[in-house]
There are 2 protein chains.
Amino acid sequence: MAQVKNNYQFEDMLQKHNLKKTAPRLRVLSMMYSKNTATSQPDLESVMNDIDRVTLYRILNVFEEKGIIHKVFDLNGTANYAVCHSDCQENHHHDEHLHFNCTVCKNVYCLNELNMPRLTLPAGFEAQGFTLYASGLCPKCSKKSAVKVN
Amino acid sequence: MAQVKNNYQFEDMLQKHNLKKTAPRLRVLSMMYSKNTATSQPDLESVMNDIDRVTLYRILNVFEEKGIIHKVFDLNGTANYAVCHSDCQENHHHDEHLHFNCTVCKNVYCLNELNMPRLTLPAGFEAQGFTLYASGLCPKCSKKSAVKVN
DNA sequence: TTATAAATACAATAATGTTGCATTTGTGTT
DNA sequence: AACACAAATGCAACATTATTGTATTTATAA
Ligand SMILES: [Mn+2]
Ligand SMILES: [Mn+2]
Ligand SMILES: [Zn+2]
Ligand SMILES: [Zn+2]
């Protein structure tokens, strides 16, 4: 599930990316690594409400640049942020996996295990990247609705 | 390419959906049907700048409800609106086609001809719908960049 | 022509995101 | 341990996108 990391590891991450070890950054890292879903910007903002909004945006931007997190818009156009699974690097992400948006709990899951189906596009179109979304019920919410029915 | 329709046909469309035939609505229809790409909200707003912004939002919302247009977020999270290809009805869209977002001209193309590859999700996930995006060069922009190179 | 519901225009407010700059802080060096 | 400086934060201002409420206007049916 969620990647478990301690504060020393977060400090290492920052250091490796030449980022200063600051309290706001460590808190953002800690929160995002504690979850197995992406975190929406509104959620981040309310949880981190004592950190200045602008600082939060700047932290998210620099983390994205460094390849620590990636940004994914859910099916309502809301920005969500998730920790990068693996080999993402500065300005070079590898995030072509399925994103699952639960219609009940609204969570966005990064399904890294699913590789993207390559398609042939109509003549003239030159694809550089693909993004695939699915919507529906996540495991938690499908379990709940099943209970309701029975 | 772009579906060609005249004003009488737009009036018919409105009538069939029990919408009053008003100048703002006819202009929005006319503009959207004249293009073969989706139109971004900022573009719509600047082109229709003499129509009240709120009116524009309400027109877009009611057109979407009625199945006349569908809303698609581009890879920057910007809302785009495109005419529905076919059998879309009130609160029941059939828009599971590839959306191609050109990285140069930023246009969003609805590639209706491409049917969605069905995937098997991890256990517990129940998919209700899929949305597939591609980014890269559209025919116009890939032609231009080819000329530059040669 | 008139009555009426629907649509538009306008005002106010909310949510999301950006820019500029003063202040604070982390970190390498003395 | 103290200093110097770049980096990061905090704050103010502003921009864009979107929603809600309400008065006014308009399309349409009687
Ligand atoms: Mn992801
Ligand atoms: Mn489409
Ligand atoms: Zn769920
Ligand atoms: Zn293009």
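The basis for the numbers below is simple: all heavy atoms, side chains too, and nothing from hydrogens, waters or symmetry mates. The sequence lines fix the lettering, A, B, ..., with proteins before strands; numbering per chain opens at 1.
- Rounded to an integer number of Å, the gap from B:E64 CD to D:dA18 P is 11 Å.
- The aromatic rings of B:H70 and B:H99 are tilted relative to each other, their planes meeting at an angle between 30° and 60°.
- Taking OH from A:Y81 and CG from A:L44, the interatomic distance works out to 8.0 Å, rounded to the nearest 0.5 Å.
- Atom CG of A:L56 and atom P of C:dA15 are 16 Å apart (whole Å).
- Aromatic rings from B:F10 and B:Y33 are positioned such that their centres are separated by under 6.0 Å.
- Regarding contacts with the backbone of D:dA8, every side-chain N or O of A:T55 stays at 4.0 angstrom or more from both OP1 and OP2.
- B:Y109 and B:F100 have perpendicular rings, their planes meeting at more than 60° on a 0 to 90° scale where under 30° would count as parallel.
- Comparing B:Y57 and A:I59, the nucleotide of DNA chain D nearest to each residue sits closer to the 5' end for A:I59.
- Remark: A:D50 engages A:R27 in a salt bridge, criterion side-chain N to carboxylate O under 4.0 Å.
- Atom CG of A:D74 and atom CG of A:N80 lie 5.0 Å apart (nearest 0.5 Å).
- A:E11 has its CD atom 15 Å from the C1' atom of C:dT25, to the nearest Å.
- Ranked by how close their nearest DNA chain C nucleotide is to the 5' end, A:N61 and B:L19 are led by B:L19.
- For B:R53 and C:dA9, the CZ to C1' distance is 13 Å, given to the nearest whole Å.
- Close placement of the B:Y133 and A:Y133 rings is indicated, their centers lying within 6.0 Å of each other.
- With DNA chain C read from its 5' end, the first of the two nearest nucleotides for A:P42 and A:Q15 is the one closest to A:P42.
- Nucleic acid contact for A:Q41: sugar-phosphate only, since backbone atoms but no base atoms lie under 4.0 Å from a heavy atom of the residue.
- Summarising the geometry, the separation between CG on B:D52 and C1' on D:dA18 is reported as 13 Å, rounded to the nearest angstrom.
- Rounded to whole angstrom, the span from the CG atom of B:N18 across to the C1' atom of D:dA27 amounts to 14 Å.
- At whole-Å resolution of the value, CG in A:L14 and C1' in D:dA7 are 13 Å apart.
- Remark: B:T22 is not in phosphate contact with C:dA6, judged by side-chain N or O atoms under 4.0 Å from OP1 or OP2.
- Taking atom CG on A:L44 and atom C1' on C:dA15, their separation rounds to 15 Å, with Å as the unit.
- A donor N or O paired with an acceptor N or O is not found under 3.5 Å between the base of C:dA7 and the side-chain atoms of B:R58.
- Comparing atom distances between the A:K20 side chain and each of C:dG17, D:dA8, D:dT9 picks out D:dA8 as nearest.
- Within residues 25-34 of chain A, no residue has any heavy atom closer than 4.0 Å to DNA chain C.
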